[in-house]
Amino acid sequence: MLNKAPRGTVDIYGEKMEVWHVIESKIRDITNKYRVKEIRTPMFEHTEIFVRATGESSDIVTKEMYTLYDKRGRSLTLKPEGTAGVARAFVENKMNTKELPQKLFYVTPCFRYEKPESGRQRQFHQLGIEYIGTPSVYGDVEVIQFGYEFLKSLDIKNITLEINSLGDKECRSKFNDTLQKYLENKVELLCEECKERYIKNPMRVFDCKNETCQEELKDAPKITDELGVECSNDFKKLQDILSKLGIKYVVNKNLVRGLDYYTKTVFEFTTEYNGKNITICAGGRYNHLMKELAGVDLQAVGFGLGIERLVLLIDNEENRNKSDVVYIGSIGDEGKYKAIELGTKLRNEGIAVETDIANRNIKKQLKFADKIKAKFSIVIGENEVVSNIAKLKNMDTGKEEEISLVDAEALIKKIKGE
Ligand code: ATP
Ligand code: MG
């Protein structure tokens, strides 16, 4: 117990952490370019927020929430997703009085009680963007384009963009009636969960992973074919613009997304991993969420992206941050002091430096330099302390050259290859 993290959680460190840093730095780059601003909301909210936002019948609410009661008996829930907290914060902080749309992003741990497997954890991380206050299909386009550019910047191969439209409230309620009728004779064949969905929200049956349920849906009517004029036009427009932008997509009429709050556009970026199709980024438009949750009638669009799944896909040598390290070995207190002095000057110039703080003999120090793949090494022993001349060794080529310990500027130029 004491030496094991809870099931479904992992420690992130070492080389994996470097991949995270690459992802995080790309996030900063792209959010700057699209002028999307960061928001950080609390790790837990009143449970009701998530129930209202994701819907009573969603998997999250029915099975996956980490809910706890505090000492006053309040029901609080660890964030299972990022949107609901942002919507709450948006209204509470009156962001609707600022310029619209507000383009926000978050990177946050999320918590869901699920069966852990590759790429599926109980604590995982989501990057999400939310464009709040955009009724236009061009908002959908920018959000999709953002996701596409981001995945491309990470060199993710074989990305497929799947899109669909779920219509607005009107198309949806009409369609749910139609689908309910269609499923009437098949209810007994559906899984237990879908029997429930059939009553509460038939469309969600499309989201079931059970093969029998999928089989029963093969000839079912699809909402995409039954959209009203406005929704249908928007969906055509979206496809038209994506085509013009050269963003390849496929229409997946079975795509309904797991959360109840979506309207009109929904989309997923998927890719292959170990022969399986996995979703890495998923989102859509949610035109009623802000009103229902927080009483502000603003239309919005966004996506959520699982960072762990990205890490699985880019966990290779190339994507690690490689910064050149200079190892300054030393002998004796005077040598060590000079090493610190020189190290400080190099670090001030942005160079990564390691010195001996483990009291190793010089042989072991150089072994350590090898182990950490230092690009250069310098050794400061008694002679070097007196003469202020030392050798700079390029650890890749083995080449050595004399350098002056008092002329840090020249040394820095050499190290930087200027
Ligand atoms: P799935 O069908 O895979 O369970 P979902 O519909 O529950 O996905 P969303 O709620 O849309 O997923 O979350 C957005 C993204 O967050 C997913 O596409 C996925 O990359 C990631 N994600 C969701 N649940 C987990 C989890 N338990 N562990 C790791 N990543 C997750
Ligand atoms: Mg899920």
Side-chain angles (χ1 to χ4, degrees), residues 5-10 12 16 20 23 27 50-51 53-55 57-66 77-87 105-130 143-144 146-148 150-151 154 156 159-164 166 193 197 201 203-211 213-214 252 254-262 265-274 276-286 289 301-315:
R7 191 163 141 78
T9 67
V10 298
I12 308 163
K16 213 155 236 157
W20 277 75
I23 294 173
I27 292 172
F50 301 117
V51 176
T54 58
S57 64
S58 66
D59 283 356
I60 288 181
V61 171
T62 54
K63 305 186 285 202
E64 298 172 358
M65 289 200 304
Y66 274 92
T77 294
L78 301 183
K79 274 187 200 180
E81 54 87 48
T83 300
V86 171
F105 84 96
Y106 57 82
V107 180
T108 182
C110 289
F111 305 85
R112 295 186 193 177
Y113 194 80
E114 292 198 78
K115 191 164 167 251
E117 56 188 30
S118 167
R120 191 176 296 282
Q121 296 168 191
R122 289 182 173 169
Q123 176 176 339
F124 63 100
H125 296 75
Q126 277 194 349
L127 154 70
I129 65 171
E130 317 284 358
V143 165
I144 291 176
F146 180 112
Y148 179 76
F150 176 59
L151 296 176
L154 287 166
I156 307 289
I159 316 171
T160 306
L161 167 63
E162 299 181 10
I163 58 171
N164 195 18
L166 303 184
E193 258 178 74
R197 290 172 174 152
N201 191 352
M203 207 168 77
R204 290 282 326 283
V205 177
F206 280 105
D207 208 34
C208 184
K209 291 186 176 97
N210 190 311
E211 277 176 26
C213 298
Q214 286 307 320
N252 174 358
N254 288 346
L255 183 66
V256 298
R257 305 283 313 118
L259 309 179
D260 284 347
Y261 54 63
Y262 289 104
T265 306
V266 287
F267 64 90
E268 288 192 356
F269 286 99
T270 61
T271 188
E272 262 190 31
Y273 179 71
N274 280 350
K276 261 178 48 188
N277 214 29
I278 60 165
T279 300
I280 25 180
C281 171
R285 175 164 280 285
Y286 43 97
L289 179 74
V301 54
F303 70 63
L305 174 151
I307 298 189
E308 276 75 5
R309 293 190 197 173
L310 273 190
V311 171
L312 281 181
L313 296 168
I314 58 175
D315 189 9

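Ligands are counted one by one from 1 in listed order, and the atoms in each one are counted from 1 as well.
- Shown in contact with Gly306 at under 4.0 Å from a heavy atom are these atoms of ligand 1, numbered in order with element: 15 (C), 16 (O), 20 (O), 21 (C).
- Only the backbone of Ile280 comes within 4.0 Å of ligand 1, counting heavy atoms alone; no side-chain atom from C-beta on gets that close.
- Each of Glu81, Glu162, Glu268 was scored for a salt bridge (charged side-chain N to carboxylate O under 4.0 Å, His left out) with Arg257, with one residue passing: Glu268.
- Of the heavy atoms in Arg257, only side-chain atoms (C-beta onward) come closer than 4.0 Å to ligand 1.
- Distance alone, capped at 3.5 Å, is enough to place a donor-acceptor pair between the Arg112 side chain and the Pro80 backbone.
- A tilted orientation is assigned to the rings of Phe150 and Phe146, their planes being inclined by 30° to 60°.
- Around atom 22 (N) of ligand 1, the closest heavy atom drawn from Tyr262, Phe111, Phe124 belongs to Phe124.
- Put simply, no part of Glu81 is less than 4.0 Å from ligand 1, judged by heavy atoms.
- Between Gln121, Glu268, Arg309, it is Gln121 that holds the heavy atom closest to atom 28 (N) of ligand 1.
- Of the possible donor and acceptor atoms, none in the side chain of Gln126 sits under 3.5 Å from a partner among the backbone N and O of Ile307.
- Evaluated for a side-chain hydrogen bond (donor to acceptor under 3.5 Å, both in side chains) with Glu193, the options Lys209, Arg204, Lys63 yield exactly one hit, Lys63.
- Taking a cut-off of under 4.0 Å to the non-hydrogen atoms of Glu114, the atoms of ligand 1 that pass are 24 (N), 25 (C), 26 (C), 27 (N).
- One N or O on the side chain of Arg122 and one on the backbone of Glu114 form a donor-acceptor pair closer than 3.5 Å.
- By the criterion of a heavy-atom distance under 4.0 Å, both the backbone and the side chain of Arg120 are placed next to ligand 1.
- Under 4.0 Å from ligand 1, the heavy atoms of Gln126 that appear belong solely to its side chain.
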Give the C-alpha distance, both sets of side-chain angles, the deciding distance and a yes or no for side chain to side chain contact (heavy atoms under 4.5 Å, CB included) between Leu305 and Leu151.
CA-CA 10 Å; Leu305 174 151; Leu151 296 176; 4.2 Å; yes

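- A side-chain donor-acceptor contact under 3.5 Å links Arg309 to the backbone of Gly119.
- Distances below 4.0 Å separate heavy atoms of Gly304 from the following atoms of ligand 1: 14 (C).
- The N/O atoms of Glu308, backbone and side chain alike, include none that comes under 3.5 Å of an N/O atom in ligand 1.
- Shown in contact with Lys209 at under 4.0 Å from a heavy atom are these atoms of ligand 1, numbered in order with element: 1 (P), 2 (O), 4 (O).
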